[in-house]
Each structure stands twice: as C-alpha cells, then as structure tokens.
Amino acid sequence: LGTKHLYQSATVHAFGLKYTKKHVEKLSEYITASNDKERHIGIFISYLAEQALPGGRNITLRPEGLLNGIGSFMSKNLNIKIEGSVGDGTGSCMEAGRIIVEGSAGKQTGLMMESGTIIIRGDTAEETGMMMEGGDLAVLGNTEKYTGTAMRGGRLIVYGNAGDSTGYSMEGGIINV
C-alpha cells in the first residue's frame, strides 16, 4: 500500500516533539481541504494521537476539511471520534482501536482492515471494506459500488443500501445489508 511509507515518515517527523492530546485536537481544527494537498494529513494526525495517548484513550477531532487516511495503520487501542465527515482511506490497514465518524466517509473506508471497529454514521463512497481481513465496520447510511470486494474476513454491516457488485470476489467474512 502506497501510504504505509507516509505513516513511517510521520514517525520520523514527529520524533522528539512534545505535544499532548489537546495539541492534536486543536491541530485537527485547522485542517482544510486546501492544505491537505498530499491528501494524507489524517495519517500524520493519527500517528500524533497514538503517541500523545500511549495507553489508548479517547480523542475527538473536529476537522474543518476532510481528513484522508485518518486511523490508517492504527495499532493501539485508541478511540478516535470525528465530529464531521472524513475523506478517503479511513481506517486503512487498521490493526486496533475504534473510529467513530459522525458524518460520511470517502472511498476505501476500512481498506485491508485487520482488526478494530469503524462506525460511520453517514454514507460511504465506493470500495468500503475492500480486502478486509478482520474487524467490524458499520455504515449507518448507504455505500456505493464494490462494497466488501475481495473481502477475506471481518464483519461489514450496511444499514442503508449497498451499491452494485457488493461482495464481488469475496472469499470470507460476513456482509449484512
């Protein structure tokens, strides 16, 4: 996955910085779509949140724009609540923790998710739960095409309508619509 190096890069750039949960929450309020040109600021914020809360606690983010990659590669039992909507790749390759999005999410939510829980209170774009290997992903709204494509494990629940080709090439796991 091309974004893995971005998460590893975050570890280098944030090394030695002193910051707290409040710093990370405040930073998320200044993110806008225009200053996320690389489309992966959410990965950096997720890394900062994991480091600021090493024991696994709750953090609430209030981004003004869409955060791409929020919760990607999350490996600690951190609970991230986003008040608003998020961009693409939410919870990609997630290994632990919980993400609650009070709005909608972009494409590839839960891509290659291994464990943990993602709850989207709105709709998601295409490829939700694609190549999921484990964990729980709930979408309280609708999903677009290719939901659960090539899914290998885990549980995907869609409370609204699922798009075309839901479960295409699915090898394992459960999809409830």
Side-chain angles (χ1 to χ4, degrees), residues 3 24-25 28-29 31-33 36 39-43 45-46 49-50 56-177:
T3 55
V24 177
E25 289 175 335
S28 77
E29 293 176 21
I31 303 303
T32 64
D36 191 7
R39 302 175 40 88
H40 299 292
I41 287 178
I43 294 171
I45 288 179
S46 297
E50 279 194 311
R57 294 191 184 92
N58 302 319
I59 189 164
T60 300
L61 305 176
R62 296 172 185 87
E64 191 164 306
L66 299 178
L67 290 176
N68 290 295
I70 193 75
S72 293
F73 309 103
M74 193 161 71
S75 61
K76 296 181 181 171
N77 284 319
L78 180 66
N79 294 310
I80 299 177
K81 179 180 176 183
I82 296 103
E83 293 182 353
S85 294
V86 293
D88 301 338
T90 300
S92 294
C93 301
M94 186 172 154
E95 297 174 3
R98 181 180 175 125
I99 300 170
I100 299 174
V101 177
E102 295 296 335
S104 295
K107 65 182 180 181
Q108 297 182 337
T109 298
L111 172 71
M112 297 175 67
M113 180 179 174
E114 295 177 21
S115 188
T117 302
I118 301 172
I119 300 170
I120 308 295
R121 298 201 189 275
D123 301 328
T124 60
E126 66 267 16
E127 300 170 351
T128 298
M130 185 177 201
M131 295 187 283
M132 254 178 88
E133 298 198 11
D136 295 305
L137 173 54
V139 179
L140 303 186
N142 302 314
T143 63
E144 293 182 12
K145 62 185 177 183
Y146 303 119
T147 298
T149 294
M151 195 170 153
R152 296 183 194 107
R155 185 172 56 164
L156 175 55
I157 301 169
V158 179
Y159 287 88
N161 296 314
D164 293 338
S165 302
T166 293
Y168 178 76
S169 295
M170 186 175 160
E171 297 175 16
I174 299 168
I175 299 176
N176 292 324
V177 180

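Computed from a predicted model, the values in this text were never measured in an experiment.
- Not a single donor-acceptor pair under 3.5 Å links the side chain of Ser85 to the backbone N or O of Gly103.
- With rounding to the nearest 0.5 Å, the separation of CD1 in Ile100 from CG in Leu61 is 12.0 Å.
- For the side-chain contact (heavy atoms from CB on, under 4.5 Å) criterion with Thr143, the lone passing option out of Asn161, Leu156, Leu137, Thr124 is Thr124.
- Atom CD of Glu133 sits about 5.0 Å away from atom CZ of Arg152, to the nearest 0.5 Å.
- A donor-acceptor contact shorter than 3.5 Å links the side chain of Asn68 to the backbone of Asp88.
- Of all non-hydrogen atoms in Ala105 and Ile120, the two that sit nearest each other are CB-CD1, 3.9 Å.
- Heavy atoms only, all atoms of each residue included: Val177 and Ala162 are closest at CG2-CB, 4.0 Å.
- Salt bridge annotation for Glu127-Lys107: absent, with no cationic side-chain nitrogen under 4.0 angstrom from a carboxylate oxygen.
- Nearest heavy atom pair, residue Glu50 against residue Met74, reads OE2-CG, 3.4 Å.
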Could you walk me through whether Lys145 and Glu126 pass the salt bridge (Lys or Arg N to Asp or Glu O under 4.0 Å) check?
CA-CA 5 Å; Lys145 62 185 177 183; Glu126 66 267 16; over 6 Å; no
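- Residues Gly71 and Ser46 share a closest heavy-atom pair of N-OG, 2.6 Å.
- One finds the CD1 atom of Ile119 at 4.0 Å from the CZ atom of Arg98 (value rounded to the nearest 0.5 Å).
- Atom OG of residue Ser75 and atom CD of residue Glu114 lie 10.5 Å apart, to the nearest 0.5 angstrom.
- Inter-residue side-chain proximity for Glu83 and Lys81 is flagged as met; some heavy-atom pair is nearer than 4.5 Å.
- Glu144 places none of its side-chain heavy atoms less than 4.5 Å from the side chain of Asp123.
- Counting all heavy atoms, side chain and backbone alike, Ala96 lies closest to Asn77 at CB-OD1, 3.8 Å.
- In this structure, Val101 and Gly84 approach most closely via the heavy-atom pair CG1-O, 3.3 Å.
- Atom OG1 in Thr90 sits 10.5 Å away from atom CD in Gln108 (nearest 0.5 Å).
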Validation: residues 164-175 side-chain donor-acceptor distances under 3.5 Å, sequence neighbours left out:
from	atom 1	to	atom 2	distance (Å)
Thr166	OG1	Gly163	O	2.7

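- Distance CE/Met131 to OG/Ser92: 9.5 Å, rounded to 0.5 Å.
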